[in-house]
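Here the structure is laid out as structure tokens; the discussion comes afterwards.
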There are 2 protein chains.
Amino acid sequence: MAIRLTRNQERILQALQGLEQAISAQDLHSSLRQTGSRIGLATVYRALEALKLDGTVQVRTLSNGESLYSLAHEDRHHLTCLRCGDSLPIEECPVHDLESHLNDSHHFRIFYHTLEFFGLCAKCQIVSG
Amino acid sequence: MAIRLTRNQERILQALQGLEQAISAQDLHSSLRQTGSRIGLATVYRALEALKLDGTVQVRTLSNGESLYSLAHEDRHHLTCLRCGDSLPIEECPVHDLESHLNDSHHFRIFYHTLEFFGLCAKCQIVSG
DNA sequence: CTGGATGCAAACGCTTTGCAAATAG
DNA sequence: CTATTTGCAAAGCGTTTGCATCCAG
């Protein structure tokens with residue numbers, strides 16, 4: 001998958017491996033700076049873009065335009081509240097069969113997928129009545 | 001679903017009904033202006049936000065932060081190329097059963113879902129070899 | 001009259017880009 | 001020594017917000 005990694009790309013990959021959750025580029029940047037690295041924000045974005053293109057890293061874009069990055073193939077999907085924006089992770093995922101089917105029928109090389117349900121969480125159903 | 005609609009919200013809903021595809025707020029705005037409306041861009045955003053919150057309109061956010069709007073419950077999912085960004089619509093959708101299940105188990109009132117596969121399209125598999 | 005809706009322009013936040021310095025091979 | 005990578009700062013871009021005006025009821 002990965003051809004050649006720069007030192008910073010390796011550093012970023014390593015950081016992602018130590019995480020349970022997807023992280024934004026900016027949070028990843030400050031996190032790296034706090035461990036003493038002098039890495040720039042642009043480099044973080046460029047590295048994530050490269051890792052994304054070779055399928056190592058996967059991205060989920062929030063409705064505010066912010067993107068969350070994590071290692072690819074970690075299957076975690078969400079229930080997202082349209083009002084408060086909270087995302088509840090869910091375990092179910094019924095789409096793997098479809099994935100291999102699409103690989104063939106569309107000549108598309110699929111790295112990963114995202115699945116997200118939108119609506120109102122229990123709390124916001126009351127507020128927005 | 002809808003409580004009360006302002007004149008502009010109705011106008012926007014009408015515009016969406018005439019469309020085959022999801023549209024960005026900005027494109028929707030210029031489209032409305034071209035038909036002689038004096039509507040402002042902010043109003044388009046505010047109307048779409050309101051329609052989103054009552055479940056009439058659904059949103060898909062692209063990786064560049066731009067959001068595409070369409071009437072809710074139109075089931076259209078995508079194969080999206082990580083390199084060129086092209087989105088190929090697909091018909092398959094294996095998640096409806098799960099949807100009602102989640103409604104109950106998480107006390108979440110689900111309006112719609114998005115499902116998207118990411119990878120490389122046939123063309124970009126060659127280029128990026 | 002009064003509260004909400006609207007248009008405009010400015011502000012915002014995340015991301016991308018230009019560029020010169022640093023680094024790798 | 002040349003090509004690539006890097007950090008910084010500035011620019012870009014879609015979206016949101018402040019505010020004065022307009023409009024419906």
Side-chain angles (χ1 to χ4, degrees), chain A residues 2-15 22-54 56-70 80 82-85 87 118 128, chain B residues 2-15 22-54 56-70 80 82-85 87 118 128:
Chain A
I3 321 286
R4 259 167 313 171
L5 294 186
T6 69
R7 175 166 279 130
N8 276 324
Q9 285 170 4
E10 277 172 17
R11 209 172 289 162
I12 281 175
L13 214 48
Q14 214 170 351
I23 189 173
S24 72
Q26 312 228 20
D27 286 354
L28 185 53
H29 177 242
S30 14
S31 156
L32 290 169
R33 296 287 279 219
Q34 279 174 14
T35 71
S37 169
R38 294 219 150 284
I39 193 171
L41 180 57
T43 303
V44 174
Y45 277 107
R46 285 187 277 235
L48 289 169
E49 172 70 13
L51 293 170
K52 179 184 88 174
L53 278 181
D54 69 37
T56 310
V57 154
Q58 80 184 54
V59 189
R60 180 168 77 106
T61 305
L62 307 182
S63 65
N64 63 5
E66 190 179 30
S67 291
L68 301 186
Y69 301 81
S70 57
T80 297
L82 290 168
R83 170 181 278 260
C84 68
S87 271
F118 295 90
S128 74
Chain B
I3 322 287
R4 259 168 312 170
L5 294 185
T6 68
R7 173 167 281 123
N8 276 324
Q9 285 170 5
E10 278 171 16
R11 208 170 290 164
I12 281 174
L13 213 49
Q14 214 169 351
I23 189 174
S24 71
Q26 313 229 22
D27 285 355
L28 184 53
H29 176 243
S30 16
S31 156
L32 289 169
R33 297 286 279 218
Q34 279 175 13
T35 71
S37 170
R38 292 221 152 282
I39 193 172
L41 180 56
T43 303
V44 174
Y45 277 107
R46 285 188 276 236
L48 288 170
E49 173 70 14
L51 293 170
K52 178 184 89 174
L53 278 182
D54 70 35
T56 311
V57 155
Q58 80 185 53
V59 190
R60 180 168 76 106
T61 304
L62 306 183
S63 64
N64 63 5
E66 189 180 30
S67 291
L68 301 185
Y69 300 82
S70 58
T80 297
L82 291 168
R83 170 181 278 258
C84 69
S87 272
F118 294 89
S128 73

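In what follows, chains are A, B, ... by sequence order, proteins preceding strands, each numbered from 1. Predicted, not measured: the structure shown is a model, and the values here were computed from it.
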*asked:* From CG of A/Asn8 over to P of D/dT4, roughly how many Å is that when rounded to an integer?
replied: 17 Å

*Consider only side-chain N and O atoms of A/Thr61 and B/Ser63, and report whether a donor and an acceptor are under 3.5 Å apart.*
no

*For the pair A/Lys52 and A/Glu49, find out whether any cationic side-chain nitrogen is under 4.0 Å from an anionic carboxylate oxygen.*
yes

_From CG of B/Leu62 over to C1' of D/dC13, roughly how many Å is that when rounded to an integer?_
13 Å

*Exam field: side chain B/His29 to backbone B/Ile39, donor-acceptor pair closer than 3.5 Å*: yes

_Could you report the tightest heavy-atom contact between B/Val44 and B/Ala25, atom names first, then the distance?_
CG1-O, 3.7 Å

_Student check: side-chain heavy atoms of B/Leu13 and B/Val57 closer than 4.5 Å_ = yes

*Quick one: what's the B/S/- string for nucleotides 14-25 of chain D, heavy-atom cutoff under 4.0 Å, read 5' to 3'?*
BBBBB-----S-

_CG on A/Leu68 to OG on A/Ser87, rounded to 0.5 Å_ = 8.5 Å

*Between B/Gln9 and B/Thr6, is there a donor-acceptor pair closer than 3.5 Å when you use the side chain of the first and the backbone of the second?*
yes

*Could you tell me whether B/Arg33 atom CZ has more than 12 heavy atoms of other residues or ligands within 6.0 Å of it?*
yes

*Taking 5' to 3' order, which nucleotide of DNA chain C is first and which is last to have an atom within less than 4.0 Å of a heavy atom in chain A?*
C/dC14 to C/dA24

